[in-house]
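Take a look at the structure below.
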Amino acid sequence: MDGVLKKMPQIQSIHPKSFPYESVKRVQGYAEIGAHYSIYLVDESKTDAGSVDWLFFPRNEAELAAVVDEMHTRKVTITVAGSRTGLVGGCVPAGGALISMEHFDQVLSIYYEDTAEEWRVRLQANVSLKALQDALKFKRFPFIESNPDPAQLEALQRFKAQTNTYYYPPDPTEMSASIGGTTATNASGARTFHYGPTRAWVRAIRVLLMNGEILEIPRGKYFASERGEFEIQDSQGQITSIKIPTYSMPATKNAAGFYSAPGMDLIDLFIGSEGVLGIITEVEVALVKQQGKLSMVQFLSSDEQAMQLTVALRSNPALSLDFLEFYSVNALALLRARQAEEYVQVGVPQIPASAGAALFFELSIDPRLGGVDLSALQSTLNSVGADANDSWVAYEARELERLKAFRHLLPETVNGIIAARKKEHNGLHKLGTDLSVPDEHLFDMWQLYQQECSASGLEWLAFGHIGNNHLHINILPRNEQEVDAGLELYARFARKAVEFGGSVSAEHGIGKLKRKFFALMFTEAQIEEMREVKRALDPFWLLNPGNLFEERDI
């Protein structure tokens, strides 16, 4: 039947009472958690620590299902945590139970998909992006090799025999993030400019629902009916109907709200749903062949020239950039100041004193050609008055790593400044926008950022994914009053981004911290459509409470 997903039989569960003590630990409140467990109450958003009544460490799907079943019976809320690298408070618990997925950390299989002509790898949810890339780079897969299956060992040997190196294209900045977390948030990063977000590379997921059953969802198998519905049949024959929302997604980089489109694939409903519809336990992703890279930091005279070069680079069909990043004049000034204080520790070349802005980009090169034709790039630079001599260029591995360090230097510097100021003003925190707009509104949005920030008297700088019109405007408050002023600015920016057809969250999701901006992007009726999807799969509103929706939305 069109739009019907028949689920596999319910997995064999383990009753919580039969768990070994070290697998499940009950914790009564924050005060008794102690140093070892306190890390489970925070994430990289640096918001106030949460609290829990139960803390679970399931080792497999059976134990996970048993925990969910027990909490469901008791009507206890569940917060799911992976590597806790999120920036919107998504895994910060507010009582109830917290489930850590840390034991779901194995690369399960690798194989070649003949029809798609691509290598794919299947992972448990808490495999980090770094662990995945290292496994692919060094071709080391201990779990696969220690659990011999003839077909899988044959596929592994075939992979190892490849002369090429393969990698997973999405490039979120934080490589310690987990594959489950990045799938749940449809995470993206610099290389989203060329490769798209996480969604574009996920080929299958495995999801535990709140009724204790598992969905195995391959891409391209289950689609919404003409009525815009999915029907999920459980192992007892009961059918749950899910009506997808009717709104259209913004025509820009976006990580806000449930995905919706006519005839959509079921897998896309769970990708980017921020864990409120089910718990992702496994993810299968596609890989691409590693190519030679040329990275370039092009210094420019002004922020305005950087905007002009951005449009020119995007418009040249002869250029295919992996990423396109921006550094404003005040961002470079901050980095120069740090270099003056600790040049050796910074580890990147000296930023020219004359640089008024910079673009950092990368393109693939073919070393077999014996050289690189950069004429298209040169003509594009010339078209806006830029000089290729005012640049850093790298194509060897060591130099590429140095430029990668430059890419991460600015957020590290900003975080250090905020941490130091927070010692004097406990309520102080960084304010960084995560807004995106369609191409035609890049200049409009940048003009608004410049005018409002300059007029405010706040310390600020801009950097980020300009290729996707997704700039991080970082406001560095010096006291609590400036935090409030910065939040007012952020709200004005968010309203204008939505007015331009953009997103209030281009890559970090909504979580708990951006719910007030969520209502700027979606109408009350549209949010209610999302709530109905949530209620269909989690009728008691127990899973990851507070993410996307206010708890009063029950």
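Index from 1, following the sequence. Computation of the quantities below employed the complete heavy-atom set of this structure, encompassing side-chain atoms and omitting hydrogens, waters and symmetry-equivalent molecules.
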Is the backbone of Val437 close enough, under 3.5 Å, to the side chain of Thr252 for a donor and an acceptor to pair up by distance?
-> yes

May I ask you to establish whether Arg515 and Phe549 are in a cation-pi arrangement, using a distance under 6.0 Å from NZ or CZ to the six-membered ring centre and at most 45° from the ring axis?
-> no

Met521 versus Ser503: any side-chain heavy-atom pair under 4.5 Å?
-> yes

Report yes if some heavy atom in the side chain of Leu410 is under 4.5 Å from a heavy atom in the side chain of Glu412; otherwise report no.
-> no

Just by distance, with hydrogens left out, do His472 and Glu507 show a side-chain donor and acceptor under 3.5 Å apart?
-> yes

What is the minimum heavy-atom distance between Ala357 and Ala306, and which atoms define it?
-> CB-CB, 4.2 Å

Answer with yes or no whether the side chains of Asn544 and Thr79 bring together a donor and an acceptor at under 3.5 Å.
-> no

Correct closest heavy-atom pair for Ser83 and Ala177 would be OG-CA, 3.4 Å

Ala256 and Ile510: which non-hydrogen atoms are nearest, and at how many Å?
-> CB-CD1, 3.9 Å

Any cation-pi pair here, Lys293 with Tyr395, using under 6.0 Å and within 45°?
-> no

Determine whether Asn330 and Leu334 make a side-chain contact, defined as any pair of heavy atoms from C-beta on separated by less than 4.5 Å.
-> no

Going through the distances and angles, do Leu136 and Leu287 end up as a side chain to side chain contact (heavy atoms under 4.5 Å, CB included)?
-> CA-CA 9 Å; Leu136 297 172; Leu287 310 175; 3.6 Å; yes

Tyr167 and Val288: CA distance, side-chain angles, deciding distance, side chain to side chain contact (heavy atoms under 4.5 Å, CB included) verdict | CA-CA 6 Å; Tyr167 72 105; Val288 296; 3.5 Å; yes

Counting distance only, does the side-chain N/O of Glu284 pair as donor-acceptor with the main-chain N or O of Ile205 below 3.5 Å?
-> no

Taking the six-membered ring of Phe323, is the NZ or CZ of Arg407 close enough (under 6.0 Å from the centre) and on axis enough (within 45°)?
-> yes

Distance-only, no hydrogens or angles: does the Asn254 side chain make a donor-acceptor pair with backbone N or O of Pro250 under 3.5 Å?
-> no

Side-chain donor-acceptor contact under 3.5 Å, Gln305 with Ser301 | yes

Rounded to the nearest 0.5 angstrom, the CZ-CG distance for Phe518 and Asn547 is 11.0 Å

Heavy-atom side-chain contact between Leu431 and Ile473 under 4.5 Å = no

For the residue pair Asn468 and Ser436, what are the closest heavy atoms and their distance?
-> O-CB, 4.2 Å

Just how far is it from atom CZ of Phe493 to atom CG of Leu520, taken to the nearest 0.5 Å?
-> 14.0 Å

Classify the side-chain pair His441/Asp444 by whether it contains a donor and acceptor separated by less than 3.5 Å.
-> yes

Do any N or O atoms from the side chain of Gln378 and from the backbone of Asp387 form a donor-acceptor pair under 3.5 angstrom?
-> no

Quiz item: cation-pi between Arg191 and Tyr195, 6.0 Å / 45° | no

Could you tell me whether Glu341 and Arg338 make a salt bridge, using a distance below 4.0 angstrom between a side-chain N and a carboxylate O?
-> no

Centroid-to-centroid, Phe360 to Trp392, below 6.0 Å?
-> no

Does a donor on one side chain sit under 3.5 Å from an acceptor on the other, for Glu274 and Thr185?
-> no

What is the distance from atom CZ of Phe517 to atom CG of Asp434, rounded to the nearest 0.5 Å?
-> 10.5 Å

Does the pair Arg398/Glu401 count as a salt bridge with the N-to-O cut at 4.0 Å?
-> no

Side-chain heavy atoms of Asn164 within contact of Trp119, under 4.5 Å = no

Could you give me the CA-CA distance, side-chain angles and deciding distance for Thr380 and Asn382, then say whether side chain to side chain contact (heavy atoms under 4.5 Å, CB included) is met?
-> CA-CA 5 Å; Thr380 304; Asn382 292 343; over 6 Å; no

Between Ser456 and Cys453, is there a donor-acceptor pair closer than 3.5 Å when you use the side chain of the first and the backbone of the second?
-> yes

Could you verify whether a donor N or O on one side chain and an acceptor N or O on the other, from Gln447 and Glu304, lie under 3.5 Å apart?
-> no

Should the pair Phe463 and Tyr327 be assigned to parallel (<30°), tilted (30 to 60°) or perpendicular (>60°) ring geometry?
-> parallel

Say whether, by atom type as modelled, one donor and one acceptor occur between the side chain of Ser260 and the main chain of Pro245 under 3.5 angstrom.
-> yes

Decide, yes or no, whether a salt bridge links Arg203 with Glu113 under the criterion of side-chain N to carboxylate O below 4.0 Å.
-> no

Flag the pair Val202 / Val283 as yes when at least one side-chain heavy-atom distance between them is below 4.5 Å, and no otherwise.
-> yes

With distance as the sole criterion, is a donor-acceptor pair present between the side chains of Asn186 and Thr198 under 3.5 Å?
-> no

For Val533 and Leu277, run side chain to side chain contact (heavy atoms under 4.5 Å, CB included): C-alpha distance rounded to whole Å, both residues' side-chain angles, the deciding distance at 0.1 Å, then the answer.
-> CA-CA 8 Å; Val533 175; Leu277 303 180; 4.0 Å; yes

How long is the span from the OG1 atom in Thr433 to the CD1 atom in Ile475, to the nearest 0.5 Å?
-> 8.0 Å

Could you tell me whether the side chain of Lys512 and the main chain of Val92 form a donor-acceptor pair under 3.5 Å?
-> yes

Which of parallel (below 30°), tilted (30 to 60°) and perpendicular (above 60°) describes Trp446 and Phe326?
-> perpendicular

Criterion ring-ring contact (aromatic ring centres under 6.0 Å, His included) on Tyr449 and Trp460, from CA distance to verdict = CA-CA 10 Å; Tyr449 288 148; Trp460 71 283; 8.1 Å; no

Arg314 side chain to Asn469 side chain, donor-acceptor N/O pair below 3.5 angstrom = yes

Basic-acidic side-chain contact under 4.0 Å: Glu424, Lys422 | no

Residues at least two apart in sequence or cross-chain that pass salt bridge (charged side-chain N to carboxylate O under 4.0 Å, His left out) with Lys130, listed by chain then number, are Asp134

Is a salt bridge present between Arg219 and Asp268, judged by a nitrogen-to-oxygen distance below 4.0 Å?
-> yes

Nearest-0.5 Å distance that lies between atom CE in Met307 and atom CZ in Phe443 = 7.5 Å

Is the closest side-chain heavy-atom distance between Leu442 and Ile466 below 4.5 Å?
-> yes

So, for Ala355 and Arg336, which heavy atoms are closest and what is the spacing to 0.1 Å?
-> O-NH1, 3.4 Å

Could you tell me whether a side-chain N or O of Thr523 sits under 3.5 Å from a main-chain N or O of Gln526, the two making a donor and an acceptor?
-> yes

Do the rings of Tyr166 and Phe159 sit parallel, tilted or perpendicular, given the 30° and 60° boundaries?
-> tilted

Honestly, is Lys139 close enough over Phe141, meaning NZ or CZ under 6.0 Å from the six-membered ring centre and within 45° of the axis?
-> no

Any side-chain donor-acceptor pair under 3.5 Å between Glu102 and Tyr40?
-> yes

State which residue, out of Glu459, Glu482, Glu480, fulfils the salt bridge (charged side-chain N to carboxylate O under 4.0 Å, His left out) condition with Arg421.
-> Glu459

Which heavy atom in Gln291 sits nearest to a heavy atom in Ser364, and how many Å separate them?
-> OE1-OG, 3.4 Å

Output the distance between atom CE (Met296) and atom OG (Ser391), rounded to the nearest 0.5 Å.
-> 3.5 Å

